[in-house]
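Numbers for residues simply follow the sequence, beginning at 1.
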Amino acid sequence: MDIELVKCECCGLKEDCTQDYINEVKANFDGKWLCGLCSEAVRDEVDRGKNIKQFLVMEEAMKAHMSFCREYSNPAICVVDGIRKMLKRRCSGQDQQAHDPK
């Protein structure tokens, strides 16, 4: 099984993937490879359009997400940094609760 380094066409994140997985993702996104985070964001955009009776096709949703990604330096890193900060706050909050006599 060959592993290939592939770059997300939205955010630029690189992942090691099998050729089968790369082909599967490209088939779902009009020939473009998107990382897991961006593919979920694009699917959410399509679903959100359905909820407000504004049916977006996959291509329009991808363009909207790519535009968002270009607006920020690297949204994947921003999300990971946000999760890191949230976990850090939760861990420090649990430490305080464990040491807080009530």
Correct closest heavy-atom pair for Glu9 and Lys32 would be OE2-CA, 3.4 Å
Note: Ile22 and Cys17 closest approach over all heavy atoms is CG1-CB, 3.8 Å
hydrophobic_cluster_shared for Phe68 and Met66, side chain cutoff 4.5 Å | no
Under the side-chain hydrogen bond (donor to acceptor under 3.5 Å, both in side chains) test, which residues partner Asn23, sequence neighbours left out?
-> Gln19
Verify side-chain contact (heavy atoms from CB on, under 4.5 Å) between Glu45 and His65, making sure each step is shown before the conclusion.
-> CA-CA 8 Å; Glu45 190 71 27; His65 185 67; over 6 Å; no
Who are the side-chain contact (heavy atoms from CB on, under 4.5 Å) partners of Lys7, not counting sequence neighbours?
-> Lys14
Given the rule that I, L, V, M, F, W and Y join up when any side-chain heavy atoms are under 4.5 Å apart, are Trp33 and Val46 in one cluster?
-> yes
Taking only residues two or more places apart in sequence, or in another chain, which ones meet Glu24 in a side-chain hydrogen bond (donor to acceptor under 3.5 Å, both in side chains)?
-> none
Check residues 35-43 and write down every donor-acceptor pair under 3.5 Å in which the side-chain atom is one partner and the other belongs to a residue at least two apart or another chain.
from, atom 1, to, atom 2, distance (Å)
Ser39, OG, Cys35, O, 3.2
Ser39, OG, Gly36, O, 2.9
Glu40, OE2, Arg43, NH1, 3.1

Just jot down the side-chain contact (heavy atoms from CB on, under 4.5 Å) partners of Asp2, sequence neighbours excluded, or say none.
-> none
Nearest atoms (heavy-atom pairs only) where Cys8 meets Leu34 | SG-CA, 3.7 Å
Under the side-chain contact (heavy atoms from CB on, under 4.5 Å) test, residues paired with Asp30 that sit two or more places apart | Met58, Glu59, Met62
